[in-house]
Amino acid sequence: MTNKVLVTGGTGYIGSHTVVELQNSGCEVVIADNLSNSKIEVLDGIEAITGIRPLFEKVDLSCAKECTEFFKKHTGINAVIHFAASKAVGESVVKPLLYYRNNLNSLMNILEAMKEFKIPNLVFSSSCTVYGQPDKLPVTESTPRKEAESPYGNTKTICEDIIRDTTKANPELKGIALRYFNPIGAHPSTKIGELPLGVPGNLIPFLTQTVAGMRAELSVFGNDYNTPDGSCIRDYINVVDLAKAHVVAISRLIGEKQKTNYEFFNIGTGKGVSVLELIESFERATGEKVPHKIVERRAGDIEQIYADTTFSNKELGWQSEKSLDETLLSAWNWQVALNK
């Protein structure tokens, strides 16, 4: 039997790469997206890579009525991967209500629909922001979660709790939360990549747009952190490697290999890289210079975080494969293709 997977936010950055990997693994995919931070043309890219155009519906899942209507219409779904959410740390500090309304309501509506339409399996797009600024590095799955540094991070913590409590109360439901570290890069085909609307909230598209001459210079937020070069440290993972982790999570759920009804895993490389080191890596991989300046720290940013991926490597049989240089080159090739 072909697995039919609903991917919410499937025209977004991580969603679109995951749709490609799902289709490559033989799954049938339905995408639900409100196109608030993505473009419908992404479907062309997915089709160009896989030869299959996924079924798409424009829908706002934070609206209970729209969500229920969607699930009534699309039958036979046996798993959901939930990406659809507002995701810019800085914006969430300024617009907390937007983030709470969108991110919490959409998840609760989906869980209600999963109960009603007997869909047992959920993979949730979580984030390492749930760990806040950890006392000890690297971060393992047993690292305590801390109070989030931003409303965005807090929505991920609350969503995880909602899934944990819902799967506990409804044993027929199973959930896996994947705590992403920092996804970057693009599909090697250059057919899909990170395509933010307006001014990018994430580092890499801002960097590539700067090198492409679309922006004057890249701002590095702070060089006075307690790190070797003073800039923030993150664990940057290739988006295709990350997408493949979702396929593994789906097969774990459908194959009933879970240890408990609710599990969570760190999805990263296990290596911390500073912003200034990342700029060096980009310049080395592409031969292009990155105009940048040091500016004040940004509200909501944590100093450093990177994963211990031992548990996810062992339990999921998954690990990151692509190097930082290769990943940054893919991001640049995507930007060049966009500008043609």
Side-chain angles (χ1 to χ4, degrees), residues 9 11-20 35-42 44-46 48-49 83 86-91 127 180-223 229 231-243 268-269 271-295 298 301 320-340:
T11 51
Y13 174 43
I14 305 167
S16 59
H17 287 81
T18 301
V19 170
V20 165
L35 300 176
S36 62
N37 194 33
S38 60
K39 292 184 173 174
I40 193 71
E41 288 77 15
V42 169
D44 300 334
I46 293 169
I49 297 165
F83 292 106
S86 304
K87 63 168 192 169
V89 169
E91 184 187 46
S127 164
Y180 313 157
F181 282 68
N182 287 63
I184 61 169
H187 195 272
S189 66
T190 71
K191 300 292 184 190
I192 56 173
E194 191 165 7
L195 186 62
L197 304 183
V199 179
N202 290 347
L203 172 61
I204 297 303
F206 206 107
L207 185 154
T208 57
Q209 288 182 15
T210 301
V211 176
M214 297 161 66
R215 307 197 178 275
E217 57 190 349
L218 175 72
S219 293
V220 176
F221 296 106
N223 67 343
D229 63 21
S231 65
C232 287
I233 288 176
R234 297 289 183 268
D235 184 337
Y236 295 100
I237 178 165
N238 184 289
V239 68
V240 176
D241 285 343
L242 173 60
T269 66
K271 193 175 171 202
V273 175
S274 77
V275 176
L276 294 173
E277 284 174 330
L278 181 113
I279 290 169
E280 275 175 37
S281 176
F282 181 90
E283 292 181 342
R284 182 172 60 244
T286 64
E288 301 285 342
K289 277 278 167 226
V290 181
H292 63 279
K293 65 175 177 185
I294 309 294
V295 298
R298 181 174 61 174
D301 275 345
S320 64
E321 293 168 4
K322 296 185 190 298
S323 71
L324 184 61
D325 282 18
E326 184 185 352
T327 301
L328 290 168
L329 180 59
S330 74
W332 177 238
N333 289 340
W334 160 246
Q335 184 69 57
V336 170
L338 276 181
N339 290 1
K340 276 181 180 166

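Worth saying up front: this structure is predicted, and the values here are computed from it rather than measured. What you see below is based on every heavy atom in this structure, not just the backbone, and it leaves out hydrogens, waters and symmetry mates.
- Side chain of Trp332 to main chain of Phe282: no donor-acceptor pair is present (N/O by atom type, distance under 3.5 Å, no hydrogens or angles).
- For Glu91, the salt bridge (charged side-chain N to carboxylate O under 4.0 Å, His left out) partners two or more places apart in sequence, or in a different chain, are Lys95.
- Of all heavy-atom pairs between Lys191 and Ala48, the closest is CD-CB, 4.1 Å.
- Scanning for salt bridge (charged side-chain N to carboxylate O under 4.0 Å, His left out) contacts around Lys293 gives Glu217, with sequence neighbours left out.
- In terms of modelled atom types and a separation under 3.5 Å, the side chain of Asp235 and the main chain of Thr269 share a donor-acceptor contact.
- The line from CG of Asn202 to CG of Asn182 is 8.0 Å long, rounded to the nearest 0.5 Å.
- Distance check: Glu288 CD to Gln335 CD gives 11.0 Å after rounding to the nearest 0.5 Å.
- Between Arg234 and Asp301 there is a side-chain heavy-atom pair separated by less than 4.5 Å.
- With hydrogens and angles left out, the side-chain atoms of Asn238 and Thr327 include a donor and acceptor closer than 3.5 Å.
- Counting only distance, with no hydrogens or angles, the side chain of Tyr13 and the backbone of Ile184 share a donor-acceptor pair below 3.5 Å.
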| So Leu329 and Asp325, side-chain contact (heavy atoms from CB on, under 4.5 Å) or not? Walk me through it. | CA-CA 6 Å; Leu329 180 59; Asp325 282 18; over 6 Å; no
| task | Decide yes or no on side-chain contact (heavy atoms from CB on, under 4.5 Å) for Ser274 and Ile233, but give the supporting numbers first. | result | CA-CA 4 Å; Ser274 77; Ile233 288 176; 3.9 Å; yes
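- Residue Ile192 holds its CD1 atom at 12.0 Å from OG of Ser38, rounded to the nearest 0.5 Å.
- One N or O on the side chain of Thr210 and one on the backbone of Phe206 form a donor-acceptor pair closer than 3.5 Å.
- No side-chain donor-acceptor contact under 3.5 Å links Asn333 to the backbone of Thr190.
- At distances below 3.5 Å, not a single donor-acceptor pair connects side-chain atoms of His187 with backbone N or O atoms of His17.
- The minimum heavy-atom distance between Val239 and Gly185, with the atom names listed, is CG1-O, 3.7 Å.
- Smallest separation of non-hydrogen atoms from Pro200 and Pro196: CB-CG, 3.8 Å.
- A 4.5 Å side-chain heavy-atom check between Ile279 and Val220 finds at least one atom pair inside the cut-off.
- A heavy-atom distance below 4.5 Å is found between the side chains of Leu195 and Lys39.
- The structure places OG1 of Thr286 at 10.5 Å from CZ of Arg284, a figure rounded to the nearest 0.5 Å.
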| said: Between Lys87 and Asn37, is the side-chain contact (heavy atoms from CB on, under 4.5 Å) condition met? List the steps. | reply: CA-CA 10 Å; Lys87 63 168 192 169; Asn37 194 33; 4.0 Å; yes
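- Note that NZ of Lys322 is 11.5 Å distant from CD1 of Ile237, once rounded to the nearest 0.5 Å.
- The shortest heavy-atom contact between Ser281 and Leu328 is OG-CD1, 3.3 Å.
- Within a 6.0 Å radius of NZ in Lys271, no more than 12 heavy atoms belonging to other residues, nucleotides or ligands are found.
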| said: One pair to check against side-chain contact (heavy atoms from CB on, under 4.5 Å): Val199 and Arg215. What are the steps and the verdict? | reply: CA-CA 10 Å; Val199 179; Arg215 307 197 178 275; 4.0 Å; yes
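- The minimum heavy-atom distance between Ser36 and Leu197, with the atom names listed, is O-CD1, 3.8 Å.
- Once rounded to the nearest 0.5 Å, the distance linking OG1 of Thr208 with CD of Glu194 reads 8.0 Å.
- Between Phe83 and Tyr180, the angle of the ring planes lies from 30° to 60°, which puts this pair in the tilted group.
- Judged by distance alone, the side chains of Ser231 and Asp229 do bring a donor and an acceptor atom under 3.5 Å apart.
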